[in-house]
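For clarity, every value in this text was computed on a predicted model and none was experimentally measured.
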Amino acid sequence: TLSGGTRQKVSAALAFMFNAQVLILDEPTAGLDPLSSEILKDKISKENKNGKLILITSHILSELDDLISHIIYMQEGKIRLHKNIDELKKESGQEKLSKAISTLMMPQ
């Protein structure tokens, strides 16, 4: 009976509740309002700085720009790209994650 955004908030709260060293978050900001999304992203960053491994799946790459250090890009079930974000940006000449991936994945 909860709305999608409220279900997402409850799921996020549960993920962080048990102090696990590895967190797997699937589309963590989906359905969240802008304020809740920023609060969650701040929490993810804090936990990462505390040494936790956080795996995030997302189709919305702009949500990940400030959160991730490495990327595995999959297409049709196959790994197409696995890089450190700094290497990806340097190699592509792009600062935004979606542009960097698009630049490298574009057929030559």
Side-chain angles (χ1 to χ4, degrees):
T1 62
L2 300 175
S3 70
T6 301
R7 277 194 307 253
Q8 196 73 342
K9 290 176 194 175
V10 170
S11 294
L14 287 171
F16 292 104
M17 181 182 261
F18 298 102
N19 198 28
Q21 291 304 302
V22 178
L23 296 168
I24 301 172
L25 306 174
D26 181 28
E27 304 276 357
T29 59
L32 295 181
D33 60 88
L35 177 59
S36 297
S37 179
E38 288 304 313
I39 290 170
L40 179 57
K41 289 193 285 186
D42 287 345
K43 179 68 174 166
I44 290 169
S45 292
K46 180 182 172 197
E47 295 299 316
N48 185 259
K49 287 177 185 165
N50 287 334
K52 294 186 179 181
L53 173 62
I54 303 175
L55 303 173
I56 302 172
T57 64
S58 184
H59 290 90
I60 306 169
L61 299 179
S62 61
E63 292 282 321
L64 304 176
D65 275 324
D66 299 328
L67 291 178
I68 63 174
S69 60
H70 292 76
I71 186 160
I72 297 173
Y73 178 75
M74 296 180 72
Q75 192 173 36
E76 297 178 9
K78 296 183 182 179
I79 294 175
R80 300 285 312 272
L81 182 75
H82 181 195
K83 289 195 178 286
N84 171 292
I85 293 304
D86 294 331
E87 292 172 10
L88 175 68
K89 289 179 178 180
K90 184 177 178 181
E91 189 176 325
S92 67
Q94 302 290 331
E95 280 301 310
K96 291 191 175 191
L97 186 56
S98 59
K99 289 254 189 205
I101 293 171
S102 296
T103 299
L104 294 181
M105 295 288 96
M106 196 78 64
Q108 301 289 328

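Atom CD1 of Ile54 sits about 10.0 Å away from atom CD of Gln21, to the nearest 0.5 Å. Rounding to the nearest 0.5 Å gives a distance of 5.5 Å between CG of Asp33 and CG of Leu35. One finds the OH atom of Tyr73 at 10.5 Å from the OG atom of Ser98 (value rounded to the nearest 0.5 Å). Remark: Glu95 CD to Lys89 NZ distance equals 5.0 Å, nearest 0.5 Å. Atom CD1 in Ile71 sits 10.5 Å away from atom CD1 in Ile56 (nearest 0.5 Å). Expressed to the nearest 0.5 Å, how far OG1 of Thr29 lies from CD1 of Ile60 amounts to 5.5 Å.
At a threshold of 4.5 Å between non-hydrogen side-chain atoms, the residues His70 and Lys83 do not count as touching. In this structure, the side chains of Leu81 and Leu88 come closer than 4.5 Å at one or more pairs of heavy atoms. Put simply, the side chain of Lys9 reaches to within 4.5 Å of the side chain of Ser36, judged on heavy atoms.
Side chains of Ser45 and Asn48: no donor on one and acceptor on the other come within 3.5 Å. Counting only N and O atoms by type, the side chains of Ser58 and Glu63 include no donor and acceptor under 3.5 Å apart.
Using a cut-off of 4.0 Å between Lys/Arg side-chain N and Asp/Glu carboxylate O, Glu38 and Lys41 are scored as salt-bridged. Classification of Asp65 and Lys99 as a salt-bridged pair fails, no side-chain N sitting under 4.0 Å from a carboxylate O.
Here Phe18 sits in one hydrophobic cluster together with Leu2, Val10, Leu14, Met17; the rule is ILVMFWY side chains under 4.5 Å apart, joined directly or through other members. Other residues sharing the hydrophobic cluster of Leu53, ordered by chain and number and joined by side-chain separations under 4.5 Å: Val22, Ile24, Leu55.
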Checklist entry - Taking it one step at a time, do Ile44 and Leu23 satisfy side chain to side chain contact (heavy atoms under 4.5 Å, CB included)? => result CA-CA 9 Å; Ile44 290 169; Leu23 296 168; over 6 Å; no
Checklist entry - Between Arg80 and Met105, is a side chain to side chain contact (heavy atoms under 4.5 Å, CB included) present by the stated rule, with each step listed? => result CA-CA 8 Å; Arg80 300 285 312 272; Met105 295 288 96; 3.8 Å; yes
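Using a distance-only test at 3.5 Å, with no hydrogens or angles considered, a donor-acceptor pair links the side chain of Gln8 to the main chain of Pro28.
Looking at residues two or more places apart in sequence or on another chain, you find a side chain to side chain contact (heavy atoms under 4.5 Å, CB included) between Lys46 and Asn50.
When all heavy atoms are compared, the tightest approach of Leu97 to Leu61 is CD2-O, 3.9 Å.
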